[in-house]
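None of the values given here were measured: they were computed from a predicted structure. Just so it is clear, the values below take in all heavy atoms, side chains as well, and ignore hydrogens, waters and symmetry mates. Quick note: residue numbers are just sequence positions, from 1.
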Amino acid sequence: MKAWRINELGEPKDVMRLEEVPDPTPGAGQLVVKVLASPANFPDVLMARGLYQVKPELPFTAGVELCGEVIALGEGVDAFQVGERVIGGAALPYGGFGELALMDVATTFPAPEALSDAEASSLYIGYQTGWFALHRRAHIQPGETLLVHAAAGGVGSAAIQLGKAAGATVIGVVGGPDKAEVARKLGADHVIDRHTEDFVKVVKELTGGKGADVIYDPVGGDTYDRSTKCIAFEGRILIIGFAGGRIQEAALNHSLIKNYSIVGLHWGLYNMLAPELVKECHAELTRMAAEGSIKPLVSETLSLEQVADGVQRLADGETVGRVVYGAKP
């Protein structure tokens, strides 16, 4: 089969190579799937750079989540059948950026019927992350104000929809007018263009000086530092990631004085320590997709030959929603 392999570490455009590789063989508890769709995620960028917490042995094929059609079952797999459409995480080194991929049955789920292949491929990581962050970690309540950074991106777009579904007033922060329009279409009640506006000032104005009850931060660095200036009394700042490149150091005296919480989320730990909660979340997300309250934003689809370019544009902050290899939305 053909797949994009990373043989050395660096920028995706420099280290990803489209190669002929052996077809994967399922081990015990594994599935081989024909890849129907696989979105670019920031962990794919970090793994190419060697900066992710998971460091696959070289060479490997990236593409950490996907939607696929089951074509082979490993020993002991009876939860799925050949021909079934599934979503979930890829089992590296056979990631989603190839014609075939390997999946572990423990992190594989039925694809929601309400979603296309491209949409379904984009549900697993971003929406699970958002749901666990908002509901398990921040315990968001109807009527609260949610501030979402990088609101037009894959993770941020999911947080907007999940926040609205939870009954929150959602403020999205984006970079540029095109991304602002995307955030509005996703349902954000207010959108702030950080290139032309000070989000701290605007959030205070919109909340009557109170600040945001929950801040969803996949950016880190300076974005986190400034978020502490517009967090509400008993507010929660969710630490989702560090796409901005700098891992900030929290001033704990400030958290004490202003009475807010700094709440981390490592969603992958739930797969390890509480997999039953991941299954419950998948059932809830499937229900929400069926009722139309969530729908992953697929901004463009890529042929196999275009994958490295798409991953690099994600790395450079030039994409909105999900850029997906494979099926049409």
Side-chain angles (χ1 to χ4, degrees), residues 1-5 18-41 44 60-128 154 271 275-276 278-292 294-298 300-307 310 322-329:
M1 71 163 184
K2 289 184 178 180
W4 285 91
R5 290 233 284 189
L18 188 57
E19 300 176 355
E20 289 282 347
V21 301
D23 291 358
T25 301
Q30 292 187 319
L31 313 162
V32 175
V33 301
K34 173 186 175 183
V35 177
L36 301 175
S38 182
N41 280 273
D44 297 316
F60 67 92
T61 296
V64 293
E65 67 177 331
L66 67 146
C67 175
E69 177 186 335
V70 178
I71 64 170
L73 304 173
E75 181 183 350
V77 176
D78 55 12
F80 299 99
Q81 298 179 347
V82 171
E84 189 170 353
R85 194 175 72 125
V86 297
I87 66 169
L92 302 182
Y94 285 99
F97 297 152
E99 294 174 321
L100 303 176
L102 197 61
M103 303 177 74
D104 291 322
V105 69
T107 54
T108 302
F109 303 89
E113 294 181 2
L115 301 179
S116 70
D117 294 338
E119 292 164 346
S121 75
S122 307
L123 184 73
Y124 180 57
I125 294 177
Y127 282 81
Q128 286 260 353
N271 282 306
E276 70 283 357
V278 178
K279 292 180 181 179
E280 291 177 12
C281 178
H282 178 73
E284 176 66 8
L285 294 176
T286 298
R287 181 193 66 77
M288 295 173 74
E291 72 179 19
I294 60 172
K295 185 181 178 70
L297 170 63
V298 178
E300 58 181 302
T301 55
L302 307 172
S303 68
L304 184 58
E305 291 73 21
Q306 295 172 317
V307 167
R322 289 295 187 193
V323 175
V324 180
Y325 149 59
K328 298 296 182 183

Please confirm whether the backbone N or O of [Y] pairs with a side-chain atom of [X], one donor and one acceptor, at under 3.5 Å?
| X | Y | result |
| --- | --- | --- |
| Thr107 | Met103 | no |
| Tyr127 | Cys281 | no |
| Glu99 | Lys2 | yes |
| His282 | Gln128 | no |
| Thr301 | Tyr325 | no |
| Arg5 | Glu20 | no |

Can you find a heavy atom in the side chain of [X] that is under 4.5 Å from one in the side chain of [Y]?
| X | Y | result |
| --- | --- | --- |
| Val21 | Met1 | yes |
| Leu100 | Lys34 | yes |
| Leu304 | Trp4 | yes |
| Glu280 | Glu284 | no |
| Val324 | Asp117 | no |
| Pro112 | Leu285 | no |

In Å, rounded to the nearest 0.5 Å, how long is the span from [atom1] of [X] to [atom2] of [Y]?
| X | Y | atom1 | atom2 | value |
| --- | --- | --- | --- | --- |
| Ile87 | Thr108 | CD1 | OG1 | 9.5 Å |
| Thr25 | Tyr94 | OG1 | OH | 7.0 Å |
| Phe60 | Leu92 | CZ | CG | 7.0 Å |
| Arg322 | Glu119 | CZ | CD | 13.0 Å |
| Leu36 | Arg85 | CG | CZ | 7.5 Å |
| Leu115 | Thr286 | CG | OG1 | 8.0 Å |

**OP:** Could you tell me whether Lys279 and Glu276 make a salt bridge, using a distance below 4.0 angstrom between a side-chain N and a carboxylate O?
**Re:**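 Salt bridge: no.
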Please report the shortest heavy-atom distance between [X] and [Y], naming the atom on each side.
| X | Y | result |
| --- | --- | --- |
| Ala111 | Ala120 | CB-CB, 4.4 Å |
| Ala101 | Gly95 | CB-O, 3.5 Å |
| Val82 | Ala72 | CG2-N, 4.4 Å |
| Leu302 | Val307 | CD1-CA, 4.1 Å |
| Leu66 | Ala90 | CD2-CB, 3.7 Å |
| Ala114 | Ala289 | CB-O, 3.7 Å |

**OP:** Return the orientation label for the Phe109 and Tyr124 ring planes: parallel under 30°, perpendicular over 60°, tilted otherwise.
**Re:**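 If you compare the ring of Phe109 with that of Tyr124, the planes turn out tilted.
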Original post:
Near Glu291 CD, under 6.0 Å, is it more than 12 heavy atoms from other residues, nucleotides or ligands?
Top reply: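 Atom CD in Glu291 is crowded, with more than 12 foreign heavy atoms closer than 6.0 Å.
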